[in-house]
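Hydrogens, waters and symmetry mates are skipped; everything else that's a heavy atom, side chains included, is used. All values derive from a computational prediction rather than experimental measurement.
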Amino acid sequence: MRKPFIAGNWKMNTQSATAVALAAGLARELQAVDQVDVAVCPPFVYLQSVAAALSASSIALGAQDVYFEPNGAFTGEVSVEMLKDCCVNYVIIGHSERRHVIGETDELINKKIAAAIAGGLLPIFCVGELLAEREAGKTNQVVMNQVKKGLAGLCKERVQAVTIAYEPVWAIGTGKTATPAQAQEVHAMIRQLLTEMYGKQIAQSLRIQYGGSAKPSNTAELMAQPDVDGLLVGGASLKVEDFAAMVKTAAKN
Ligand code: PGA
């Protein structure tokens with residue numbers, strides 16, 4: 001049985017006071033929820049203050065990116081050790097905004113995933129097709145390719161640290177959610193691929209989140225899909241009542 005996992009991706013939003021208020025509000029609202037793993041991923045600069053606001057709660061802290069080198073002349077980058085030093089457990093890697101706005105490649109994403117796991121972080125590894133790719137009937141091909149390249153070289157022991165987030169790019173921040181059936185179809189395909197790569201036991205234990213305009217009103221139907229094990233939430237994670245409602249809905253599923 002896979003425990004549901006809901007993560008909030010705050011992206012480049014909040015300021016020091018609002019980040020702490022959001023974290024404190026979630027800590028208060030979600031005190032009694034232990035049927036779901038919950039994480040929030042604030043901007044790097046607020047990690048420590050959010051960690052303090054979450055210290056008495058079971059909500060985990062995640063970062064939105066990491067660099068694969070341990071230290072040195074990499075201006076602007078943040079290492080695995082630095083994140084761990086800030087009480088971070090999870091790290092989003094390969095988010096579509098980093099792939100398509102910043103220009104990250106599958107090869108770079110693969111190095112980041114390997115370094116994160118080697119250093120003891122739990123990657124939330126994002127994959128997903130563009131609208132043009134879906135319309136051209138290439139969804140499975142694109143997503144399979146991203147999964148294979150992102151996880152290249154990872155052994156069975158290491159891959160167990162990974163959560164995969166399927167986020168169709170056309171659904172992110174657009175208000176256009178994939179239907180539960182569309183999400184399930186791709187999630188099942190990813191799990192089948194994981195079965196071929198790592199065997200049934202590991203494929204059945206790995207969690208696959210859906211992301212892309214997930215909100216309180218569509219949480220129950222998405223979470224009801226057999227291969228949807230959680231959500232990676234952008235916009236709706238910025239409001240205490242919305243994100244808390246989604247976690248509580250997932251807890252009831
Ligand atoms: P959204 O973002 O929920 O605002 O669509 C999801 C994500 O990009 O992780």
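Checked by atom type and distance alone, the side chain of Tyr210 pairs as donor or acceptor with a backbone atom of Gly212 at under 3.5 Å. A donor-acceptor pair is defined here as one N or O able to donate and one able to accept, closer than 3.5 Å; such a pair exists between the side chain of Glu133 and the backbone of Leu130. The backbone N or O of Ala27 sits nowhere less than 3.5 Å from a side-chain atom of Gln31 that would complete a donor-acceptor pair. Checked by atom type and distance alone, the side chain of Asp229 pairs as donor or acceptor with a backbone atom of Ile208 at under 3.5 Å. Side-chain atoms of Glu129 never come within 3.5 Å of backbone atoms of Asn140 as a donor-acceptor pair (strictly under, hydrogens ignored). Judged by distance alone, the side chain of Asn218 and the main-chain N or O of Lys215 form a donor-acceptor pair under 3.5 Å. Of the possible donor and acceptor atoms, none in the side chain of Thr195 sits under 3.5 Å from a partner among the backbone N and O of Ala203. Not a single donor-acceptor pair under 3.5 Å links the side chain of Glu77 to the backbone N or O of Val66. Remark: the backbone N or O of Val233 is paired with a side-chain donor or acceptor of Ser237 at under 3.5 angstrom.
Judged as a salt bridge (charged side-chain N to carboxylate O under 4.0 Å, His left out), the pairs with a partner in residues 37-58 (not counting sequence neighbours) are, in order, Lys3-Asp37, Asp37-Arg207. Sequence neighbours left out, the pairs with a member in residues 37-76 that pass ring pair (Phe, Tyr, Trp, His ring centres under 6.0 Å) are Tyr67-Phe74. Listed by first then second residue, pairs satisfying salt bridge (charged side-chain N to carboxylate O under 4.0 Å, His left out) with a partner in residues 101-111 read Arg98-Glu104, Arg99-Asp106, Glu104-Lys112, not counting sequence neighbours. Residue pairs that meet the ring pair (Phe, Tyr, Trp, His ring centres under 6.0 Å) test with at least one member in residues 141-192, sequence neighbours left out, are Tyr166-His187. Applying the side chain to side chain donor-acceptor pair (under 3.5 Å) test to pairs two or more places apart or on separate chains, none has a residue in residues 141-150.
Atom SG of Cys87 is separated from atom CG of Leu54 by 10.0 Å, given to the nearest 0.5 angstrom. Atom CG of Leu22 and atom CG of Asn13 lie 10.0 Å apart (nearest 0.5 Å). In this structure, CE on Met82 lies 7.5 Å from CG on Asn71, to the nearest 0.5 angstrom. Between the OG1 atom of Thr177 and the CG atom of Leu222 there is a distance of 7.0 Å, given to the nearest 0.5 Å. Note: Gln201 CD to Lys156 NZ = 8.0 Å, rounded to the nearest 0.5 Å. Separating the CG atom in Leu238 from the CH2 atom in Trp10 is a distance of 8.0 Å, to the nearest 0.5 Å.
Looking only at side-chain heavy atoms (C-beta outward), Leu151 and Val147 come within less than 4.5 Å of each other. Contact annotation: the side chain of Lys248 approaches that of Glu29 to within less than 4.5 Å [non-hydrogen atoms, C-beta and beyond]. Leu26 places none of its side-chain heavy atoms less than 4.5 Å from the side chain of Val38. When side chains are defined from C-beta on, Pro4 does not count as touching Gln35, because their heavy atoms never get closer than 4.5 Å. In this structure, the side chains of Asp65 and Val78 stay at 4.5 Å or more apart for every pair of heavy atoms. Two residues are said to be in side-chain contact when any heavy atoms from C-beta on lie closer than 4.5 Å; Leu194 and Ile164 meet this criterion. Under the 4.5 Å side-chain criterion, counting only non-hydrogen atoms from C-beta, Met189 is in contact with Val143. Residues Pro43 and Gln64 are in side-chain contact: their nearest non-hydrogen atoms beyond the backbone lie under 4.5 Å apart.
With hydrophobic clusters built from ILVMFWY side chains whose heavy atoms lie under 4.5 angstrom apart, Val142 does not share a cluster with Ile172. Val127 is not connected to Leu108 by any chain of hydrophobic side-chain contacts under 4.5 Å among Ile, Leu, Val, Met, Phe, Trp and Tyr, and they are in different clusters. A single hydrophobic cluster is not seen to contain both Val169 and Val186; linkage of ILVMFWY side chains at heavy-atom distances under 4.5 Å, directly or through other members, places them apart. In this structure, Phe125 is a member of the same hydrophobic cluster as Tyr198, with clusters built from ILVMFWY side-chain heavy atoms closer than 4.5 Å. Cluster annotation: Val240 is connected to Val247 through the hydrophobic network of ILVMFWY side chains, with a link wherever side-chain heavy atoms come within less than 4.5 Å.
Residues Pro168 and Gly211 come closest through the heavy atom pair CD-O, 3.4 Å. Across all non-hydrogen atoms, the minimal contact from Ala116 to Ile93 is CB-CD1, 4.0 Å. Nearest approach of Ala118 to Arg158, heavy atoms of both residues: CB-NH1, 3.6 Å. Looking at every heavy atom in both residues, Lys176 comes nearest to Ser213 through N-OG, 3.5 Å. In terms of heavy atoms, Asp227 sits closest to Arg191 at OD1-NE, 2.5 Å. The shortest non-hydrogen separation linking Ala171 to Ala178 is CB-N, 4.2 Å.
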Requested in this report: Output, in order, the C-alpha distance, side-chain angles, deciding distance and verdict of side chain to side chain contact (heavy atoms under 4.5 Å, CB included) for Gln182 and Arg134.
Outcome: CA-CA 11 Å; Gln182 282 173 324; Arg134 174 162 283 265; 3.6 Å; yes
Requested in this report: Begin with the C-alpha distance, continue with both residues' side-chain angles, and end with the deciding distance and a verdict on side chain to side chain contact (heavy atoms under 4.5 Å, CB included) for Ile117 and Val162.
Outcome: CA-CA 8 Å; Ile117 299 172; Val162 175; 3.7 Å; yes
Query - side chain to side chain contact (heavy atoms under 4.5 Å, CB included) between Leu83 and Val80, intermediate numbers included - result: CA-CA 5 Å; Leu83 294 181; Val80 172; 5.9 Å; no
Query raised in the report: Could you walk me through whether Asn89 and Leu61 pass the side chain to side chain contact (heavy atoms under 4.5 Å, CB included) check?
Result: CA-CA 6 Å; Asn89 291 118; Leu61 189 62; 5.5 Å; no
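Comment: Lys11 engages Glu97 in a salt bridge, judged by a side-chain N to carboxylate O separation of less than 4.0 angstrom.
For Gln15, the CD atom is loosely surrounded, since the number of other residues' heavy atoms within 6.0 Å does not exceed 12.
Here Ile92 sits in one hydrophobic cluster together with Phe5, Tyr90, Leu122, Ile124, Leu232; the rule is ILVMFWY side chains under 4.5 Å apart, joined directly or through other members.
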